[in-house]
Amino acid sequence: MTDEDYYDYDDYDDDYYEEDDDAYYMEQERVRKLAEKEARQQAVAAKLQLNPTRTKPVIQPKKSVEFNIKKKKAPIVVPQPSEKEQENKESMVTCMGFSQSSARIALQAQNWNVELAINDLLVNPNPDANSNPQPVDGGGGTSSGGGMTMTMAPPPGMTRPRPKEEVKKTMSMAPPPPGISKSPSKPKSTPTKSSKSTSSSSSNSKSKQTLSKASSSSMKKISPQLQAHLQNQKSRLTMVILGHVDAGKSTLMGQVLVQCGKIEKRTVTKYAKQAGEIGKASFALAWIMDEDESERERGVTIDIATKQISTPKHDLTILDAPGHADYVPAMITGAGVSDVGILVVSSTKGEFESGFDTAKSNANKNNNGGSSGNGNGNGGQKRGHVGQTREHITLARGLGVSQLIVAVNKLDAAEPSWSQARFDEIEARLRPFLKANGFNLDRVQFVPISGLTGANVKVSPRSSSHSNDDDDADANANAAGLASWYKGKTLMGAMDKFQPAKRNIEKPFRFISSDIYAEGKGIVVKGRVAQGVASVGDKVCVLPVGDVATVSRIEHGSVDIGTASSTSESVASEKMDQERRKVAIAGDSVELILAGIDIARITVGNILSDAAPGLRPEMKKKFLAKIIIMEELTVPLIRGSQLLLHMHCLDTPAVISKIMSKVDKKNGNIVPNPRVVTGGCTATVEIKLMEKLCVEDFGECRALGRFVLRRSGDTVAVGIIEST
């Protein structure tokens, strides 16, 4: 693809030059001035080489006392600046990148002349306070009288001529101003509009080289001992709970927390009493996850609920996503930061069909008088909308969920109870759809359960009869029908079978904030580390505002860091555990306590990155992306289609500015520059945002390279960013 194919120069130039890109022009102005200065110095050095016998006034530093030799007058005492003026001049020199001690020595040597002091520091960045300049006999630049040799001060704006080699060395040694990366000494010409695309592409390649060179900096934050300690610890995974409304997701997760010992039985008893008073006695376990009063009154999950549990191999962070069609954006937020998921489907007649079938098939069933299940079976599914089971599967895979457990819930309420035929029917319908959406079926597990009674959640019904725990026996008391044919794992056993996720620890630090609140003297930012490493004391940049803050503390929540089992290793292990608590690595869901920043400068969805300018992600308003269109798309996409782009915790208006190509569904051929894109297609499009967003290529940072496009409450497409 050529630049002419990618860029629409008719409107691209106008959009580019309308942006306020002060840093770019400041850099070009600085390079131009350095080039002009080098040319002048080379010209002076060339003249000296052509006329070696010619004498020139030798520039010497000013002294605090000067004599008028011709008139033989008394010495003139030059007044010294006040302390405040000295501090101001020191700050002027130090802002160029020199140390305060070097700045003071150079200023004192040059009688507090800022320009001459900077010129001296360019030659010698580390002057010696004990060394005094010696007078040199250079012709008209020196005068002698009364046996005294003195040096005359150079006129303002002039510098001491140096050989050509020294000039080149000086240009390379000059430190850049703060906030501007060091440029090569070779002069650059200011780019014109015609060369804008070339310069921008070269700057992108240079930034990628900077990232690759700095990738090892993240590993330096972890000691070799801690790296070895991490390999012996449990892996950390974030697990999102998916499924259609009223599939029993919150009740199931409440049951999991109770059986894992995270919730006391008296708490469940209290919730059961309170729920019974408002006619919702069966929602007692769901109230463990649904803590908001409006959620409890309506009996519907509205926002993401977060809990943590542990299995023998993993520390799992549970994100209970809402299943109602009105709250799909909240589900996108949870799935966008998750590694694995549990898809909860109801096995009762009608409920599974309303969540999985398309809107067209459901409408046909209703028109023909088909079964619709109980009153809650179709709740949350609007007319013309696809069921949330089908939509959640597509969104979860597009947002990075690679491993899945399909929990076939309410199988005890099927006809007949614990029906193997119903379980096999659901599995047979879901497997082809999961494979079509990119799931590896080897990483998909089907588990029959009852979230309300707890059957096959932690203890298998085959082994419950031999268990001494009364709770395990009660949970599987009515699961004899399941024990007769199911020989697989329990739900907790399937969770423990998850494979550890690969983490990009060596890449620059990226942290997605999901909640912010003030606590004491610090600001608590809750979220997940997408990649990289952060330690206590690190400087982080809050984007898009660009403010820099300091990580004063890291809280890992209720996750068990781990302790040593052997007495001989207890001291060393405890030391490693303390070091682990001070580090947040990729995949950790933590709370960062920041200092040095106001809470009004941070909002949900902000990205925390390394403070170094070369390691920060860029802010973009336009990017090239590959999208997969939903099969149930009713209105095709054309150039100019207005959509809503969802990325992790953010949503922003977007427009499809150009359709580059699409893949023909019939023969798989690539069709360039199509006018329209229909459902089920894969297309490469150019997307323009209404405001700048912190995005990166999918290969650089997956969390900032995935997105979802929606329109009028319907999911239109999922995609990844190919280039920014």
Requested in this report: Quick one: do Arg581 and Glu555 satisfy salt bridge (Lys or Arg N to Asp or Glu O under 4.0 Å)? Show the steps, please.
Outcome: CA-CA 7 Å; Arg581 293 184 181 96; Glu555 295 291 343; over 6 Å; no
Query - Pair Ser310, Asp315: side-chain N/O donor-acceptor within cut-off below 3.5 Å - result: yes
Query raised in the report: Do Thr301 and Ser250 have side-chain N/O donor and acceptor atoms under 3.5 Å apart?
Result: yes
Query - Donor-acceptor side-chain pairing of Gln388 and Glu391 below 3.5 angstrom - result: yes
Query raised in the report: So with a 6.0 Å cut-off around NZ of Lys280, is the heavy-atom count from everything else above 12?
Result: yes
Report task. For residues Ile449 and Leu252, determine if any side-chain heavy atom of one lies less than 4.5 Å from a side-chain heavy atom of the other. Result -> yes
Report task. Using a cut-off of 6.0 Å, state whether more than 12 heavy atoms not belonging to Arg702 lie near its atom CZ. Result -> no
**Report entry** Reported CZ-to-OG1 distance for the pair Arg711 and Thr715, which is rounded to 0.5 angstrom
**Finding:** 11.5 Å
Query raised in the report: Does Ile426 CD1 have over 12 foreign heavy atoms under 6.0 Å away?
Result: yes
Query raised in the report: Does the side chain to side chain contact (heavy atoms under 4.5 Å, CB included) test come out yes or no for Asp588 and His556, once each step is laid out?
Result: CA-CA 8 Å; Asp588 289 354; His556 291 264; 3.9 Å; yes
Report task. Heavy atoms only: give me the nearest Pro461-Asn456 pair and the separation to one decimal. Result -> CD-OD1, 3.5 Å
Report summary line: Partner of Arg422 under salt bridge (charged side-chain N to carboxylate O under 4.0 Å, His left out), picked from Glu415, Glu353, Glu351, is Glu353
Query raised in the report: Hey, is the main chain of Lys410 close enough, under 3.5 Å, to the side chain of Ser347 for a donor-acceptor pair?
Result: yes
Query raised in the report: From Asp303 CG over to Glu291 CD, what is the distance, rounded to the nearest 0.5 angstrom?
Result: 11.5 Å
Query raised in the report: Is any side-chain heavy atom of Ile505 less than 4.5 Å from a side-chain heavy atom of Gln531?
Result: no
Query raised in the report: Quick one: does Asp496's side chain have a donor or acceptor within less than 3.5 Å of a partner on Lys313's backbone?
Result: yes
Query - Tyr271: partners by ring-ring contact (aromatic ring centres under 6.0 Å, His included), with sequence neighbours left out - result: none
Report summary line: Distance col, row Leu491:CG vs Lys489:NZ, nearest 0.5 angstrom, shows 12.0 Å
Query raised in the report: Does a side chain donor of either Arg397 or His392 reach within less than 3.5 Å of an acceptor in the other side chain?
Result: no
Report task. Would you check if Val716 and Val708 make a side-chain contact, meaning some heavy-atom pair closer than 4.5 Å? Result -> no
Query - Ring geometry between Phe511 and Phe509 (parallel below 30°, tilted from 30 to 60°, perpendicular above 60°) - result: parallel
Query raised in the report: What distance do Tyr486 atom OH and Gln420 atom CD have between them, rounded to the nearest 0.5 Å?
Result: 11.5 Å
Query raised in the report: Under 3.5 Å, side chain of Ser514 to main-chain N/O of Lys526, donor-acceptor pair present?
Result: yes
**Report entry** Electrostatic pair Arg431:Glu427 at N-O distance under 4.0 angstrom
**Finding:** yes
Query raised in the report: Does the side chain of Ser346 come under 3.5 Å of the side chain of Asn409 through a donor N or O and an acceptor N or O?
Result: no
Query raised in the report: So do Leu316 and Thr311 actually touch side chain to side chain, heavy atoms under 4.5 Å?
Result: yes
Query - Beyond-backbone contact of Asp651 with Leu645, side-chain heavy atoms, under 4.5 angstrom - result: no
Query - Pairwise side-chain contact, Lys307 with Met253, heavy-atom cut-off 4.5 Å (strictly under) - result: no
Report summary line: Hits for side-chain contact (heavy atoms from CB on, under 4.5 Å) against Asp339, two or more places apart or cross-chain, chain-then-number order -> Leu237, Thr238, Ala501, Arg503, Arg528
Query raised in the report: Do you know which two heavy atoms are closest between Ala586 and Ala530, and how far apart they sit?
Result: CB-O, 4.0 Å
Query raised in the report: Hey, does Thr682 have a side-chain heavy atom less than 4.5 Å from the side chain of Ile627?
Result: no
Query raised in the report: If you look at every heavy atom in Ile512 and Ala703, which pair is closest and at what distance?
Result: CD1-CB, 3.7 Å
Requested in this report: Report yes or no: does Lys458 contribute a side-chain atom to a donor-acceptor pair with the main-chain N or O of Gln259 at less than 3.5 Å?
Outcome: yes
Requested in this report: Starting from the C-alpha separation in whole Å, work towards a yes-or-no answer on side chain to side chain contact (heavy atoms under 4.5 Å, CB included) for Val337 and Val240.
Outcome: CA-CA 9 Å; Val337 295; Val240 62; over 6 Å; no
Query - Steps toward ring-ring contact (aromatic ring centres under 6.0 Å, His included) verdict (Trp418, Phe423) - result: CA-CA 8 Å; Trp418 300 108; Phe423 177 81; over 10 Å; no
Query raised in the report: Can you name the nearest heavy-atom pair linking Cys260 to Met492, along with the distance?
Result: SG-CE, 3.4 Å
Report task. Calculate, to the nearest 0.5 Å, the distance between atoms CG and OG1 belonging to Leu650 and Thr333 respectively. Result -> 8.5 Å
Requested in this report: Would you confirm whether Gln445, through its side chain, and Leu404, through its main-chain N or O, come within 3.5 Å as a donor-acceptor pair?
Outcome: no
Query raised in the report: Just wondering, more than 12 heavy atoms not from Lys487 lying within 6.0 Å of its NZ?
Result: yes
Report summary line: In short, Val590 meets Ala584 closest at the heavy-atom pair CG2-CB, 4.0 Å
Query raised in the report: With distance as the sole test, does His314 use its side chain to make a donor-acceptor pair with the main-chain N or O of Phe498 at under 3.5 Å?
Result: yes
Query raised in the report: Distance-only, no hydrogens or angles: does the Asn437 side chain make a donor-acceptor pair with backbone N or O of Leu434 under 3.5 Å?
Result: no
Query raised in the report: Please walk me through it: do Ile720 and Phe707 pass side chain to side chain contact (heavy atoms under 4.5 Å, CB included)?
Result: CA-CA 6 Å; Ile720 60 174; Phe707 62 89; 5.6 Å; no
Query raised in the report: Are the side chain of Arg296 and the backbone of Asp290 linked by a donor-acceptor contact shorter than 3.5 Å?
Result: yes
**Report entry** Glu295 side chain vs Ile302 backbone, donor-acceptor pair below 3.5 Å
**Finding:** yes
Report summary line: Nearest heavy-atom approach of Trp485 to Pro448 is CH2-CG, 4.2 Å
Report summary line: The reported gap from CD1 in Ile241 to CD1 in Ile342 (rounded to nearest 0.5 angstrom) is 4.0 Å
Requested in this report: Would you verify whether the NZ or CZ of Arg390 falls within 45 degrees of the ring axis of Phe433 while also being under 6.0 Å from that six-membered ring's centre?
Outcome: yes
Query raised in the report: Do the side chains of Arg710 and Ile332 get nearer than 4.5 Å, heavy atoms only?
Result: yes
Query - Polar side-chain atom of Lys507 near backbone of Glu700 as donor-acceptor pair, under 3.5 Å - result: yes
Query - Criterion side chain to side chain contact (heavy atoms under 4.5 Å, CB included) on Leu242 and Val344, from CA distance to verdict - result: CA-CA 6 Å; Leu242 312 170; Val344 183; over 6 Å; no
